[in-house]
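The structure appears right after this line, and notes come after that.
In the text below, chain A, chain B and the rest are named by the order of the sequence lines, each starting its count at 1.
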Protein chains: 4
Amino acid sequence: MINRTAFPIRRHKQARPQELLDAALSLFIEKGFAAARIDEIAARAGVCKGTLYLYFDSKEDLLKALIAQRFSSRVAISLHETTDVRASPDMLRELIATWQSEFVAGEAGGIVNLLFTEARNFPVLANFWMREVITPTRLLVSRIVKHGIERAEFRAVDPDIVVDALVLPLIAACLHRHAIAPYSTLDAVPCGHADFNGYFEFVLEGLMDRPADSSQSPNRITA
Amino acid sequence: MINRTAFPIRRHKQARPQELLDAALSLFIEKGFAAARIDEIAARAGVCKGTLYLYFDSKEDLLKALIAQRFSSRVAISLHETTDVRASPDMLRELIATWQSEFVAGEAGGIVNLLFTEARNFPVLANFWMREVITPTRLLVSRIVKHGIERAEFRAVDPDIVVDALVLPLIAACLHRHAIAPYSTLDAVPCGHADFNGYFEFVLEGLMDRPADSSQSPNRITA
Amino acid sequence: MINRTAFPIRRHKQARPQELLDAALSLFIEKGFAAARIDEIAARAGVCKGTLYLYFDSKEDLLKALIAQRFSSRVAISLHETTDVRASPDMLRELIATWQSEFVAGEAGGIVNLLFTEARNFPVLANFWMREVITPTRLLVSRIVKHGIERAEFRAVDPDIVVDALVLPLIAACLHRHAIAPYSTLDAVPCGHADFNGYFEFVLEGLMDRPADSSQSPNRITA
Amino acid sequence: MINRTAFPIRRHKQARPQELLDAALSLFIEKGFAAARIDEIAARAGVCKGTLYLYFDSKEDLLKALIAQRFSSRVAISLHETTDVRASPDMLRELIATWQSEFVAGEAGGIVNLLFTEARNFPVLANFWMREVITPTRLLVSRIVKHGIERAEFRAVDPDIVVDALVLPLIAACLHRHAIAPYSTLDAVPCGHADFNGYFEFVLEGLMDRPADSSQSPNRITA
DNA sequence: CATGAATGAGGGTTCATTCAT
DNA sequence: TATGAATGAACCCTCATTCAT
């Protein structure tokens, strides 16, 4: 049908599985798992339907492979790596910036949205989200906060509350960005700032025992 | 088979459409739109499959009717009602408590989750969410904050940031509660406190120009 | 497509399952389980593909239902019923005649052939054949023979050998009739006589201690 | 990948077709024609799937080649060879023993089972069975019996009946052994004696005009 | 109005066959 | 000659929708 012969047909290709995974991920994100058609995934990867089954046992297997690859490696490991680093407000700032750029602004958030959408049908996703993402992230932020409190940089607040203040808005912004924004014509009012810098400083100020000179805050409005 | 009409068990026929809508909503929330079976919706409403089509043209029509009825009226109106009330920190406290009890702790959050899940296939849901929920809520919170700043109760911060701090965690907690928690075996570490009181006080303290005596804060940890 | 409307469409029909079973059996016998198409079974029963799944869970379920119905009831029970009857050579004669007319001459043998063909893929069939058909049949014949020996009507031979002599040829003839004969153009030489009377008398004569006057035997050839 | 030709492990290329035929036959016997996978046949022959198509046009072609080679030559010829031998009871005894050991006890019966199973789809198999196996076998046995009757060793019975008595149980036992026994857990009661000696003597005794001293029969039970 | 048996398009999956290397 | 990745027709099964009763 399609002029395959016009371009050199790529065979014996080791990259096939990855192409299929990429195609599957993009379609799962676009349409959801159930609505994504095997034919379309294969077509997007430039192969026909049967070829997909040379590399993956089933549609569900595609999703599981995606989880194993995209989450367990990239996301989780990148978080664990920072676990040992010395805690500091700058670390928090950096962590939030990374999350924001990757999950809210970037496309990785599509996976998070997929995860929330499909957790019902694939409970392994729910467990993965808790074990590999939420738990280590909350732990990391919690440690930094405790460290700050011990060194008297921060007020003595319940660290879990600070974790909520830092992590939950990012999740909400991520889900809004990928589940709502693309389909709404009314996104003039953003849900969650494109740039969380201001938000982070606000939380940090709330952590400081004495906002020495709050006029320095970039969030201050000079009426 | 049996002449059920002989018994007064049969509800008024006028209630039929509403029973079907209720059944549809509960199943959409439980299983998602795609996975909800017409047979099961009809069965839950106490009628047979064919009867459903006397009242609704299609499965999609069911969801659209639900949107028109449940979303546009109940949820939105309850929020609008509070719009005109005089702004104050207590109002914020109350607003957050209402949200928390209804959407995070209660079952109404299932609708929010459905909304996020199906916005892709039914963009009207995305628009509804923005127009009827997010925009008025943010506007309301924003007014209260501005009012507080004008009266010098609050520091002069960007009101949108406070809105983010108050609204986004509630959304994240709501979605976590309904999309992740029921399917995860690892919810020992909650995502978002069951009770947002502590969180709210933390944000409020961050809003105060001088946390005069922060030892009054319930979040303070007495080392 | 087909002028369904020409004939009154039969709906609400309780006979549907049986019509489907009949259609399935005839196609399984004709083509084997694997080669029988669900579409064709449904068409032969006068319904469309999906209708079949209102009554049976799967293609395999069709076969299992057939086994339960055709084997466990008709064949097995008819054999068990005769278990208590008083043993006699006439009983043997009758038993063999019944088998011959039903399994060799009649269509029931198609089921036996199906059973031999599909036992590999559905071991339950092999067990059923042994438990419900072979074991009780051999037991019955064995009892009759033992009874005859005790009453000195028969020579004292190993009953199992007589069972072999009576049962195995019937099985072979049945399988030949349904697996080979319809597809061979060379069946001029039959494999197993159409009528087992002569064969039975031959075996019976072999059982008699003294073929008193073998000239009475119908098998005797007067050279 | 690895240059296998560097090692003498690679068989002569001329042997390739035969290796494929052997692999195909063994798989056809094990799983049946339809369930045997081309991939597995090729793998068992030590080549890859595509190579098979260098030697055979299709899966069906494989079976046809097998028929031409294995069935028409080996089996049939071995039977024809005995056709000319002088008839005698000992010949019958030997013939039955050969059949028993080869087709019932041995693996050659798998071919017979394959033949019965696939005759429907490949009528040439049915014709082969009749022309090359059944007809000559029955003819041979018939001749021996007639010879015995002429020499007054046997009673004057219809030779076809004796053929049935001798041939059909072997066929039934063969098919039972290969189609039922491997898949049944209830083979405690055998269908057809493992050793047909007793059976043969029983038939032979029935053939004798006067079982002069039947106490010599090994089948006699000494009550 | 209400029923529920029937429909049939469309999905995921298998596997004999092909063909560029 | 040999490979094995790719193909795609055909299968079983699902389920929203229809319609005779």
Does dT14(F) have a Watson-Crick or wobble mate here (both distances under 3.5 Å), and if so which one? dA9(E)

Counting only Watson-Crick pairs (N1-N3 plus N6-O4 or O6-N4) and G-U wobbles (N1-O2, O6-N3), all under 3.5 Å, who is the partner of dA20(F)? dT3(E)

Closest listed nucleotide, where the reference is the side chain of [X] and the choices are [options]:
X        : options                  : value
Arg16(B) : dA2(E), dA16(E), dT1(F)  : dA2(E)
Ser58(D) : dT7(F), dT17(E), dA16(F) : dT17(E)
Leu54(D) : dA2(F), dT14(F), dA16(E) : dA2(F)
Cys48(A) : dA5(E), dA5(F), dG8(F)   : dG8(F)
Tyr53(B) : dT18(F), dA2(E), dA2(F)  : dT18(F)

Rounded to the Å, how far apart are [X] [atom1] and [N] [atom2]?
X        : N       : atom1 : atom2 : answer
Ile38(A) : dC13(F) : CD1   : C1'   : 16 Å
Lys59(D) : dA9(F)  : NZ    : P     : 20 Å
Leu20(A) : dT13(E) : CG    : P     : 14 Å
Asp39(D) : dT18(E) : CG    : P     : 15 Å
Glu40(A) : dG11(E) : CD    : P     : 10 Å
Leu52(C) : dG8(E)  : CG    : C1'   : 14 Å
Leu62(D) : dC15(E) : CG    : P     : 17 Å
Glu19(A) : dA5(F)  : CD    : C1'   : 13 Å

With a 4.0 Å cut-off on heavy atoms, is Ala36(B) in touch with a base, just the backbone sugar-phosphate, or nothing at all? sugar-phosphate

Measuring to OP1 and OP2 of dT7(E), would you say a side-chain N or O of Thr51(C) lies under 4.0 angstrom away? yes

Examine dA16(E): is either OP1 or OP2 under 4.0 Å from a nitrogen or oxygen in the side chain of Arg37(D)? Give yes or no. yes

Which residue lies more 5' along DNA chain F, comparing Gly50(A) with Asp57(C) via nearest heavy atoms: Gly50(A)

Distance from Leu21(D) atom CG to Ser26(D) atom OG, nearest 0.5 Å? 11.0 Å

With rounding to the nearest 0.5 angstrom, report the OH to CG distance, Tyr53(C) to Leu62(C). 8.0 Å

Quick check on side-chain contact (heavy atoms from CB on, under 4.5 Å): which of Leu25(C), Ile67(C), Leu66(C) does Ile111(C) satisfy it with? Leu25(C)

Let's go through Glu30(B) and Arg44(B) carefully: what are the C-alpha distance in whole Å and the side-chain angles of both, what is the deciding distance for side-chain contact (heavy atoms from CB on, under 4.5 Å) to 0.1 Å, and is it a yes or a no? CA-CA 13 Å; Glu30(B) 277 176 37; Arg44(B) 190 168 290 195; 2.8 Å; yes

Lys/Arg cation over aromatic Phe33(B): Lys59(B), 6.0 Å, 45° cone: yes

By nearest-heavy-atom nucleotide on DNA chain E, the more 5' of Ala35(D) and Phe33(A) is Phe33(A)

Can you find a donor-acceptor N/O pair under 3.5 angstrom joining the side chain of Lys49(A) to the base of dT7(F)? no

Donor-acceptor pair, distance only, cut-off 3.5 Å: does the side chain of Ser184(C) make one with the backbone of Ile180(C)? no

P atom, dT21(F) versus dC1(E): distance in rounded Å? 22 Å

